[in-house]
Enquirer: 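Attaching a single structure in C-alpha cells format; questions to follow.
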Amino acid sequence: MTAAPKIKMTGVKKAFGPKVVLDGFDLEVLPRESVVIMGGSGSGKSVALKCILGLVTPDDGHIEIDGVEVTNLSRKDREAVNAKIGMLFQNAALFDSLSVWENIAFGLIQGRKMARDKARDIAHEKLAQVGMGADVGALSPAELSGGMRKRVGLARAIAGDPDIIFFDEPTTGLDPIMGHVIDDLIVKCVREVGATALSITHDMASARRISDRMAMLFKGKNIWQGPTSSVDESGNDHVDQFINGRADGPIQMEVFKP
Amino acid sequence: MKEKRNLLRRIGAAFLRFLEGAGKLTVFALRATSHCFRPPLYPRLIGQQMVDIGYYSLPVVGMTTLFAGMVLALQSYTGFARFSAESAIPNVVVLSITRELGPVLAGLMIAGRIGAAMAAEVGTMRVTEQIDALNTLATNPFKYLVAPRLIAGVTMMPLLVLVGDVIGVFGGYIVSVYKLGFNASAYIQNTWEFLEFQDVASGLVKAAVFGYLVALMGCYHGYQSRGGAQGVGAATTNAVVSASILILISNYIITEIYFAQ
C-alpha cells in the first residue's frame, strides 16, 4: 500500500498579470522522499515552492500538506503549518541584524518560545551537524563566505527538526566542490532529521545527488516525473534537452537575435 | 478624438493606481496598528527602535530646533522693532517652537533620518528574502518588524520634541539676551507667562502623529519594495517624500482641530 503523500499539489495555477507561471501544476511528494523539481530559469519553480509555503497565493488548484488543504489557511494556522517546515533560501536569507547562532535559533526562540541558553546550545549542535565550529556562532552573517552562509542557512532549516525541508537552488553561486559539500550535507541532514525534502534547481549534478525522484516543470505544467535513476532514459525530449544542456530542442530560450 | 480618449484613459488609469495605492496603504496601516495592541510584543526590538529613534536622533533634532529658535528671535526682532513690539519676542519664540516648529522640524528631520533607514532596512530584507524567511520561521513580519517601529515612533517622537522645544526656546533666549540685549529674567518670565499647557500638548500630539506616519511610511515602502538595489532606493525616496508630505498635511489638520475657533 502506498503511503499518503506528504505534499500534494493538484491543478495549481498562478499568473502574474498576463504571464502564466503555473498552469495546472501537479506534484506528489511521499513521506521521507527527496524530490527535485527541475526547470529552466523563470519556469516557475520558485513560485511553486512559495505557493506551498503560503508566501504566494495560487489563483486556482489545491495544495495539501499531510492531507490538510493549506491554500486558504488563517495566519495562525499557516504559522502552525510553517512551524513543521524548514527552508533553505537561494541566498540563505540570513538576518543581517542577528549573529549566526541567533539566526539558527530564531525559529526556536521566536516560534517555540524556547529559552535563549537552550536555543544557543541547539544552534551550536546544528552548526556542528553542518561541519562548522561553535566559534562561527558569534559571527555576523556579513562575515561569512557564500558556502558558509549556505551551511548556516541549512543549519537554520534543520534547527527545529522539521517534517519537511525545502531547498531553493541550494548550490547556486557556489564552486563545484563547495556545491558537492552542500549536497552531501543536505542528504546527511535530511536523513538524520528524517524529513521529506523538496528542492528546486537547474544544477543537474546537484539534482542527481540529492534526489530520489525528479519532476520537470515546463510552461507551468509537470511534464515528466520519475526516479532519479531513470532520468537519462526518460523518453521525454524536454527532459533530455534539459539534462544534457543542449541549446537545440523543444525548449526554446527567448534570446534576441539582431 | 483618439488622442482625447487616450488622455482620458491615462488619467483614469492613474486615478485607479492612486486608489489601489491608497487602499493598500490603508490595509497595511490597519494590520500594522492592530499588531501594536496584540501580544506577543517584542520588548527587546521595541527598545532597540526607541534608542535608534529617540537617543540617536537627539543631536539632529537638538541642532535643528536650536538654530530655528535663534533665527526666529532674530527675525522677529527685525520685524517687531518697526512697531516697537520687541517685548513680544519671547511669546513668539515659545509659541512658534512649541506649537509648530518643534514638532514639524523634528518630524521632517526624523523622516529623513529614521524613515529612510527603516525603508532601506525593511526593503533590503524584502529583496533578500529575509521577510519570506520570517514567514517560514512562523514569525509574523508585521509583529516582528513593523509593530516595534510604530510603537517606538509614537512614543519617542513626543519626548524628542519636548527636548527639542526646550532647546529651541533656549536658542531664542541666547540670541535675545546675548545679542539683542534683552533682560534675562524678563525674557524667561515673558516666556512662562504666555505659555499654556495646550500649546505644548498640541505639539506633543502632533509629534506622536508624525512619529506614527514616519514609521508607517518607512515600513510600508520598504515592505512593498521589489527588484533589488534600485527598488530599495526608490522605496527610501518614497518613504521620505510621502512622510514629509503627510507631516505637513496632518500638521494643518491637527492645528485646525486644536486652535480653530
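If you're wondering where the values come from, they're calculated on a predicted model, not measured in any experiment. The sequence lines fix the lettering, A, B, ..., with proteins before strands; numbering per chain opens at 1. These values consider heavy atoms only, across backbone and side chains, with no hydrogens, waters or symmetry-generated copies.
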Enquirer: Within the 4.5 Å heavy-atom criterion, are Arg75(A) and Asn135(B) side-chain neighbours or not?
Expert: yes
Enquirer: Looking only at heavy atoms and a cut-off of under 4.5 Å, which of Asn140(B), Thr124(B), Thr139(B) has the most pairs with chain A?
Expert: Asn140(B)
Enquirer: What distance separates Leu137(B) CG from Asn103(A) CG, expressed to the nearest 0.5 Å?
Expert: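 Going from CG on Leu137(B) over to CG on Asn103(A), the span is 9.0 Å.
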Enquirer: Of the backbone (N, CA, C, O) and the side chain (C-beta and beyond), which part of Leu108(A) lies under 4.5 Å from a heavy atom of chain B, both, or neither?
Expert: neither
Enquirer: For Leu53(A), which atoms come within 4.5 Å of any heavy atom of chain B: side chain, backbone, both, or neither?
Expert: side chain
Enquirer: Is there a side-chain contact between Lys113(A) and Pro40(B) (heavy atoms, below 4.5 Å)?
Expert: yes
Enquirer: Tell me, yes or no, whether the heavy-atom count around Asn72(A) atom CG, taken from other residues, nucleotides or ligands under 6.0 Å, exceeds 12.
Expert: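 Count not over threshold, so no.
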Enquirer: To the nearest 0.5 Å, what is the distance between CG (Leu49(A)) and CG (Asp132(B))?
Expert: 10.5 Å
Enquirer: Got a second to check how far Phe95(A)'s CZ is from Met125(B)'s CE, nearest 0.5 Å?
Expert: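 Atom-to-atom, Phe95(A):CZ and Met125(B):CE are 5.5 Å apart.
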Enquirer: Could you tell me whether the side chain of Phe106(A) reaches within less than 4.5 Å of the side chain of Leu134(B), counting heavy atoms only?
Expert: yes
Enquirer: Surrounding CZ of Arg32(A) (heavy atoms of other residues, nucleotides or ligands, distance under 6.0 Å), is the total greater than 12?
Expert: no
Enquirer: Please round to the nearest 0.5 Å and tell me the distance separating atom OG1 of Thr128(B) and atom CG of Asp96(A).
Expert: 6.0 Å
Enquirer: Among Met87(A), Gln110(A), Lys50(A), who wins on heavy-atom pairs under 4.5 Å with chain B?
Expert: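 Of Met87(A), Gln110(A), Lys50(A), Gln110(A) has the most heavy-atom pairs under 4.5 Å with chain B.
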Enquirer: Please check if the number of heavy atoms outside Lys118(A) that lie under 6.0 Å from its NZ is greater than 12.
Expert: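 Atom NZ in Lys118(A) is not crowded, with 12 or fewer foreign heavy atoms closer than 6.0 Å.
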Enquirer: What's the spacing between Ile52(A) CD1 and Thr136(B) OG1 if we round to 0.5 Å?
Expert: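 Answer rounded to 0.5 Å: 13.0 Å.
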Enquirer: After noting the C-alpha distance and the side-chain angles of Lys143(B) and Glu79(A), does the key distance pass the salt bridge (charged side-chain N to carboxylate O under 4.0 Å, His left out) rule?
Expert: CA-CA 13 Å; Lys143(B) 225 170 241 321; Glu79(A) 281 177 14; over 6 Å; no
Enquirer: With a cut-off of 6.0 Å (strictly less than), are more than 12 heavy atoms of other residues, nucleotides or ligands near CZ of Arg191(A)?
Expert: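 Check fails, neighbour count at 12 or below.
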